[in-house]
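We name chains A, B, ... by the order of the sequence lines, and we start the count at 1 in each one. Keep in mind that the numbers below use all heavy atoms, side chains included, and drop hydrogens, waters and symmetry copies. Keep in mind that what you see is a predicted model, and the values were worked out from it rather than measured.
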Number of protein chains: 2
Amino acid sequence: MGMIDKQSPVPIYHQLEEKIKKRIETGELMPGDALPSEREYAEQFEISRMTVRQAITNLVNERFLHRVKGKGTFVMEKKMEQPLHGLTSFTEDMKARGLQPSSSLIHFEIIPASSDLADKLGINEHGPVYEIKRIRLAEGIPMALERTYISANLVQGLTEDIVKDSLYAYVENVLNLKIESGIQVIEASTSNAEERKYLEIAEADPILLMERTSSLEDGTRFEVVKSSYRADRYKFMIDLKR
Amino acid sequence: MGMIDKQSPVPIYHQLEEKIKKRIETGELMPGDALPSEREYAEQFEISRMTVRQAITNLVNERFLHRVKGKGTFVMEKKMEQPLHGLTSFTEDMKARGLQPSSSLIHFEIIPASSDLADKLGINEHGPVYEIKRIRLAEGIPMALERTYISANLVQGLTEDIVKDSLYAYVENVLNLKIESGIQVIEASTSNAEERKYLEIAEADPILLMERTSSLEDGTRFEVVKSSYRADRYKFMIDLKR
DNA sequence: TAACTATAGTTGTCTATACCAGATAAACCG
DNA sequence: CGGTTTATCTGGTATAGACAACTATAGTTA
């Protein structure tokens, strides 16, 4: 049995989390099985029970385990294949589906924010906003028409070249901003002329509309993305908690 | 300043959570503001810093606060209006939107599970499954056609009367099962004849399809719900974390 | 036999303390 | 004046121990 390295810079509770996760992944711990009790773990690894609790609490939050007071801690029934298409970019999303993503920029300018947009971005009406329109493709086939709106005051010096390269790499690595959460609205609709043109669909074909507002670590609104997906080529998967 | 009741059966950390939430809701603590430090809270309420941390950790997980090492704990920028249409029944969902929900049962029988359904429910192929079809209405207007599939071995003795009353009240209060999580797939489509009939729509109108697989506390798959929503009357809102 | 009662196991809550690491500003020194 | 050190904030990790609340079982009693 591998041990815990108390001198390691990686926290003990994190080491224990990984150890338990591994025992689940390898099948050593099966769904429904009871874990050793918190006190047993504490004794076995010569660590405090509170540290064990910290590890287990994290795994409970991630839905690997669940606790029952008075009885014990148990391995969750097998997870269904990961949705995990939570807060990911189109690029990551397609890669996760095993498809080769690409995109083509069709529009880039600074516009004054409409009242709706200003509200969603938490800025003043008519404030400067980048409007970026792109076609998103997978394996060279058009999947979605995407319109991105970002406050020009929050992200200064954005250029077409940066957008063509990788907007999110720039935001994360150069500006050092991390996108942390967001809300998403999904609806079905009929297509408009622009969508039909770029997505190469017929008038009767339905469209899956997605609007996402993403926020940074401190809750500052970062971007609003409106995407029109070809309904025959795209589904959203979301996992619901609690 | 209200105090903490150490004798109360409600845990101290939970009392503190509520206290902090209230200070945010009333505007006493504004977005971006720093909270008193953990040590200050501990001293003020004469409780342990670890207990304060437990309260704050929960609020961080709920996205009310965020921590920055070495600097402090801060109030998140204002949340957008709650989506919170996460894991709710149609009934709860409509009530949250201020609409009066109702439903009409159009089909109830036990069928053998298809291979797809058996896989999603984690049961054997051809195993017995309740098939329940209902029309969901808001303010008397048809919103969705809903097909629910539940393993008949897991939930025994289900009758039409129970379904007409409240399926979920029965499951929760009588069978004592709690639905804890789920995954949801959303897509857009054109309508079929059954949907057009019950939803009173035209052939060209798009449909928002939702399929949800819900699980119990221990991860056991409980039900698969396939819903067809009128696209002009319904949107999904989802909040994304991390 | 049936109902109750210890008892020992589990997780849940809470304490008091300690040290580490990142951030900040005051104090210091060249 | 400008750069560096130091002290002191902050949250992050970890400990050892205590008691409460809940569950299950074994044993006892009516």
Side-chain angles (χ1 to χ4, degrees), chain A residues 3-20 29 32-76 176 178 180 217-219 242, chain B residues 3-20 29 32-76 176 178 180 217-218:
Chain A
M3 284 310 276
I4 295 276
D5 179 5
K6 293 202 186 187
Q7 311 315 319
S8 165
V10 30
I12 294 175
Y13 69 86
H14 193 264
Q15 293 181 48
L16 182 53
E17 277 177 50
E18 293 303 318
K19 198 175 289 289
I20 295 173
L29 281 170
D33 283 0
L35 250 68
S37 76
E38 297 173 355
R39 284 181 173 83
E40 283 181 64
Y41 268 130
E43 201 172 338
Q44 179 186 350
F45 295 116
E46 297 178 317
I47 57 181
S48 165
R49 183 182 154 218
M50 289 305 288
T51 303
V52 176
R53 275 187 72 78
Q54 188 170 358
I56 290 180
T57 297
N58 288 342
L59 293 177
V60 168
N61 288 338
E62 291 172 38
R63 298 292 192 281
F64 283 100
L65 305 175
H66 84 283
R67 289 178 162 130
V68 181
K69 185 172 177 175
K71 294 186 73 173
T73 304
F74 302 87
V75 178
M76 276 287 214
N176 211 29
K178 263 206 305 195
E180 251 281 313
E217 286 177 297
D218 68 348
R242 196 184 326 195
Chain B
M3 284 312 276
I4 296 273
D5 179 6
K6 293 201 188 187
Q7 310 316 319
S8 164
V10 30
I12 294 175
Y13 68 87
H14 193 263
Q15 294 181 47
L16 181 53
E17 277 177 52
E18 293 303 318
K19 198 175 288 290
I20 294 173
L29 280 170
D33 283 0
L35 250 68
S37 76
E38 297 173 354
R39 287 174 177 84
E40 283 180 65
Y41 267 128
E43 200 173 338
Q44 180 187 348
F45 295 115
E46 297 178 320
I47 56 180
S48 165
R49 182 183 157 216
M50 289 305 288
T51 303
V52 175
R53 276 187 71 77
Q54 188 170 358
I56 290 179
T57 298
N58 288 341
L59 294 176
V60 167
N61 288 338
E62 291 172 38
R63 299 291 193 281
F64 283 101
L65 305 175
H66 83 285
R67 290 177 161 131
V68 181
K69 186 172 176 176
K71 295 185 75 172
T73 303
F74 303 86
V75 179
M76 275 288 213
N176 210 29
K178 262 206 307 195
E180 249 283 313
E217 287 176 297
D218 68 349

Atom [atom1] of [X] and atom [atom2] of [N]: how far apart are they, to the nearest Å?
| X | N | atom1 | atom2 | answer |
| --- | --- | --- | --- | --- |
| B:Ile4 | C:dT15 | CD1 | C1' | 15 Å |
| B:Lys69 | D:dT13 | NZ | C1' | 9 Å |
| B:Glu43 | D:dC9 | CD | P | 11 Å |
| B:Gln7 | C:dC14 | CD | P | 11 Å |
| B:Gln54 | C:dT13 | CD | C1' | 7 Å |
| B:Phe74 | C:dA23 | CZ | C1' | 10 Å |
| A:Leu59 | C:dT11 | CG | P | 14 Å |
| A:Glu40 | C:dA8 | CD | P | 17 Å |

So what does B:Ile47 hit on the nucleic acid, given a heavy-atom distance under 4.0 Å: a base, only sugar-phosphate, or nothing?
sugar-phosphate
Quick one: label B:Gln15 by what it contacts on the DNA or RNA (base, sugar-phosphate, nothing), any heavy atom closer than 4.0 Å.
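Counting heavy atoms under 4.0 Å across all strands, no contact is made by B:Gln15.
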Quick check: are there more than 12 heavy atoms from other residues, nucleotides or ligands sitting under 6.0 Å from CD of A:Glu18?
yes
Nucleotide of [options] approaching [X] most closely (side-chain heavy atoms):
| X | options | answer |
| --- | --- | --- |
| B:Ser48 | C:dA16, D:dA16, D:dG12 | C:dA16 |
| B:Lys6 | C:dG12, D:dG12, C:dT15 | C:dT15 |
| B:Tyr13 | C:dA21, C:dT13, C:dT10 | C:dT13 |
| B:Pro11 | D:dG11, C:dC14, D:dT15 | C:dC14 |
| B:Arg49 | D:dA16, D:dG12, C:dT11 | D:dG12 |
| A:Ser37 | D:dT15, D:dG12, C:dT11 | C:dT11 |

Working to the nearest 0.5 Å, report the span between OG1 of B:Thr73 and CD1 of B:Ile56.
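Going from the OG1 atom of B:Thr73 to the CD1 atom of B:Ile56 covers 5.0 Å.
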Please examine the side chains of A:Glu17 and A:His14, heavy atoms only from C-beta on, and report whether any two atoms are closer than 4.5 Å.
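They are in contact (side-chain heavy atoms under 4.5 Å apart), so the answer is yes.
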Is the closest side-chain heavy-atom distance between A:Val68 and B:Glu217 below 4.5 Å?
no
Start at the 5' end of DNA chain C and walk down; is the nucleotide closest to A:Lys71 or to A:Met50 reached first?
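Residue closer to the 5' terminus by nearest nucleotide: A:Lys71.
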Under 4.0 Å between a side-chain N or O of B:Arg39 and OP1 or OP2 of D:dC9?
no
Please determine if a side-chain N or O atom of A:Arg53 lies less than 4.0 Å away from the OP1 or OP2 oxygen of C:dG12.
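So the side-chain polar atoms of A:Arg53 do come within 4.0 Å of the phosphate oxygens OP1 or OP2 of C:dG12, strictly under.
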Answer yes or no: is there an ion pair linking B:Glu180 with A:Arg63, defined by an N-O contact shorter than 4.0 Å?
yes
